[in-house]
Protein chains: 2
Amino acid sequence: MNIGEIARRAGVSRSTVSYALSGKRPVSEDTRRKIQQVVDELGYRPSASARALANGRTSTIGLVFPPAGNHYTGMQLDFIGSVVEAAAARDYDVLLSPSGVDSDRSFQRLLGERRVDGAILMEIRLQDDRVDHLAALDFPSVTIGRTARPERGWWVGLDHTALAAACVHHLADLGHRRMAFVNRPEQLLRAGYESAHRGLDGFTKAAAERGLTVRTYCCGDDAASGQACLERILYDDPDTTALVTLNEAALGGLYRGLAQAGRHVPRDFSVTGVVAARWAETVNPQLSAADVPAAELGRRAVDLLIERLDRPDAPPRHHLLTPPISLRASTGPAGTPDA
Amino acid sequence: MNIGEIARRAGVSRSTVSYALSGKRPVSEDTRRKIQQVVDELGYRPSASARALANGRTSTIGLVFPPAGNHYTGMQLDFIGSVVEAAAARDYDVLLSPSGVDSDRSFQRLLGERRVDGAILMEIRLQDDRVDHLAALDFPSVTIGRTARPERGWWVGLDHTALAAACVHHLADLGHRRMAFVNRPEQLLRAGYESAHRGLDGFTKAAAERGLTVRTYCCGDDAASGQACLERILYDDPDTTALVTLNEAALGGLYRGLAQAGRHVPRDFSVTGVVAARWAETVNPQLSAADVPAAELGRRAVDLLIERLDRPDAPPRHHLLTPPISLRASTGPAGTPDA
DNA sequence: ACCGATTGTCGAACCGGTTCGCGTGAAGTG
DNA sequence: CACTTCACGCGAACCGGTTCGACAATCGGT
């Protein structure tokens, strides 16, 4: 069931079959029909490996996603789903690669063995050797998130600085004066994860601007850590009346901690942050938050990558999104702290 | 940077390079070292496409996951993560394919174009044309979940019947006499999703066995539907004191509905079901539930598939798991209904 | 000193497509 | 009717690996 077989049965040469199927050269209507008929009868489909070898394109894009041991968040699932779908719509397959660092085995496979035409990277760090490596190789790639020097790159991303600041302003407008920031785990912050850094930055600056009293915390990516973190927040400053978080996975724990401390949301305590909409709607009360448009980011990343593949020396493009805060039920006016 | 280049620089033939790297024939220590040195210097890696074409193996497995439009659940993310990791550990890549039906374009790509050596299928239905199709082709595959006739297949799965029954018994032992079952969306039930069917079955049979009064519901995969569903449950039978659910995504909504109806969990109302541990720990109070060992299922699926690839006519194998109920904080003794 | 076995390497064919240059027969033109 | 033009299809080379059969050199044995 290879192209030779089709050629034999249709009574033409292999090249004619190839041209008939690809349309890269004209073929008479008669032979085209004959070939198509044989192809349909046998259900022939050209081998992806052979084609890739011959024309140097695999029609596959690599999705490099966070290394193991990380707890995956709902956002990441939405990314993956939307990337795969958008790619499929453009006739590309998606190869998953769990990869942390540059010298990683699976990263080597992707690039060195030329399994993919281009790559999409998630979980970007401000200083990211994978990104530098790919840039040095001039390998077509798009990042979801941006490094400290995003000028020459192709990326889609969220303006975490502005989003965290928007959360602060939202709370400050409601009268909150003492608030906490619950970040991703310290390990990720130290590693330089961009969302953790820029989010922290935006929070800190906006808080200073508004003259607020704030504390910032790192928190593990799970419910138990969230609960512990909240206990610590109230221990460090019992007058805290609000928090901003980037940590989806800790959210349930934060809520539990508040409930156990007898703080009612939103009457006694306001919670907001940057979280995927689906997650925000799951907790009780529903979270007022900047909804991460994960599906849209994924789609746009694919669009950019394919554009880059089609026109190899197009100038870099990017999309920076700043979704608004969706008001739900987790924030409210600050009461008098000691009442 | 192909094998010919390496051969030239090392002063040997292409075949010698191939043998030196694969070890499939002995090569003298001297030339082996020389070749290795050149390879290291140039950072040479053999092209995956060429290799796949030559020896007919892609070293890639396909992961067929649910069609678009579905809300993805946390479980699915854990599957994907663990599959990718387990595959990477065995030197396989994972190709994602969003696919519903047999005749699907991306399904055709996977099989027809021979992009993968084998496949793992998620979201199995009792009658599943994809599974039948693959079986007819004798294409190596493993399903996560099992069809109505699983005897001749390779699969890993959860015993949803037993798990749902265990939930019923757990609640009945606590004294609950009137309970509801919250299933996945009706559309999925009608389509024949195995977890929905077997779960419903197990629930119904166990309830009959214990002489309980029960109602069963289908519920959309999101928080809003969960909330609506709970309202309906209490409207249909205000004396309901417990529920069992398979629907992770609706869980938050169910809880919210209970809170708004003034029912305290677990004092006035018990909730249990079959849910990924991470999710069960996120809600407040934490859910007592049979924890879906998604990561383990994913790992085992990869192991089975690779075993099947390595030994093409080994007899079918499978793993049926029945995780115990983890007692957390969402179930408690039934009070007197009218008190 | 001769012979058979062993060891290490090479050349060629093959996997299944794509693409380039060329030949052939029919149609168009003066 | 001879001559260009064009449309169509063919054969061969190539992509970058793997694998098989053959061959030369070395070795041990008698």
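Please read these numbers as outputs of a predicted model, since none were measured by experiment. The basis for the numbers below is simple: all heavy atoms, side chains too, and nothing from hydrogens, waters or symmetry mates. Chain naming here is simple, since letters A, B, ... match the order of the sequence lines and numbering starts at 1 in each.
- The base of dG17(D) has none of its N or O atoms less than 3.5 Å from a complementary donor or acceptor on the side chain of Ser47(B).
- The distance from atom CG of Leu53(A) to atom P of dC14(C) is 17 Å, rounded to the nearest whole Å.
- When the P atom of dG17(C) is taken as reference, atom CD of Glu5(A) falls 11 Å away, rounded to whole Å.
- Going from atom NZ of Lys34(B) over to atom P of dT9(C) covers 14 Å, rounded to whole Å.
- At least one side-chain nitrogen or oxygen of Ser13(B) sits closer than 4.0 Å to the OP1 or OP2 atom of dC10(C).
- Regarding contacts with the backbone of dT19(D), every side-chain N or O of Ser18(B) stays at 4.0 angstrom or more from both OP1 and OP2.
- In this structure, Ile35(A) places its CD1 atom 13 Å from P of dC8(D), rounding to the nearest Å.
- Counting all heavy atoms, side chain and backbone alike, Arg51(B) lies closest to Pro46(B) at NH2-CG, 2.9 Å.
- Minimum atom distance to the side chain of Thr31(A) is reached by dG9(D), of the listed dA12(D), dC15(C), dG9(D).
- Leu309(B) CG to Tyr92(B) OH: the interatomic distance, rounded to the nearest 0.5 Å, is 4.5 Å.
- Here dG9(D) presents its P atom at 11 Å from CD of Glu29(A), a figure rounded to the nearest Å.
- For the helix from dA1(C)-dT30(D) to dG30(C)-dC1(D), the rotation axes defined at the first and last 5 base pairs enclose an angle of 50°, given to the nearest 10°.
- Considering only the side chain of Arg114(A), dG17(D) comes nearest among dG17(D), dG16(C), dT9(C).
- Using a 4.0 Å cut-off between charged side-chain N and carboxylate O, Glu296(B) and Arg299(B) make no salt bridge.
- Look at CZ on Arg8(B): it is 13 Å from C1' on dG16(D), rounded to the nearest Å.
- Each of dT18(C), dT9(C), dC20(C) was ranked by its minimum atom distance to the side chain of Thr16(B); first place goes to dT9(C).
- The interatomic distance linking Arg57(B) (CZ) with dG17(D) (P) rounds to 19 Å, in whole Å.
- Closest to the Lys24(B) side chain, of the nucleotides dC8(D), dT18(D), dT19(D), is dT19(D).
- Contact record, Ala7(B) with Val17(B): CA-CG2, 3.6 Å, taken as the closest heavy-atom pair.
- Nearer the 5' end of DNA chain C, as judged by each residue's closest nucleotide, is the contact made by Ser28(B), out of Tyr44(A) and Ser28(B).
- Using modelled atom types, one finds no donor on one side chain facing an acceptor on the other under 3.5 Å when comparing Ser18(A) with Ser15(A).
- With DNA chain D read from its 5' end, the first of the two nearest nucleotides for Val27(A) and Arg14(A) is the one closest to Val27(A).
- Distance, Met1(A) CE to dG17(C) P: 11 Å, rounded to whole Å.
- Shown here for Trp155(B) and Gly157(B), the closest heavy-atom pair between the two residues is CE3-N, 3.8 Å.
- Distance from the side chain of Ala54(A) is smallest for dG16(C) among the nucleotides dG16(C), dT19(D), dA12(D).
- If you check dT18(D), dT9(C), dG16(D) against the side chain of Arg51(B), the one that comes closest is dT18(D).
- Side chain Tyr19(B) to base dC20(D): a donor-acceptor pair is found below 3.5 Å.
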Let me see the working for Arg317(B) and Glu307(B) under salt bridge (charged side-chain N to carboxylate O under 4.0 Å, His left out), right down to the final yes or no. CA-CA 10 Å; Arg317(B) 294 187 48 200; Glu307(B) 179 182 336; 2.5 Å; yes

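- Remark on DNA chain C: of its neighbouring residues Asn55(B) and Arg25(B), the 5'-side contact belongs to Arg25(B), judged by nearest-heavy-atom nucleotide.
- The line from CZ of Arg32(A) to CG of Leu21(A) is 9.0 Å long, rounded to the nearest 0.5 Å.
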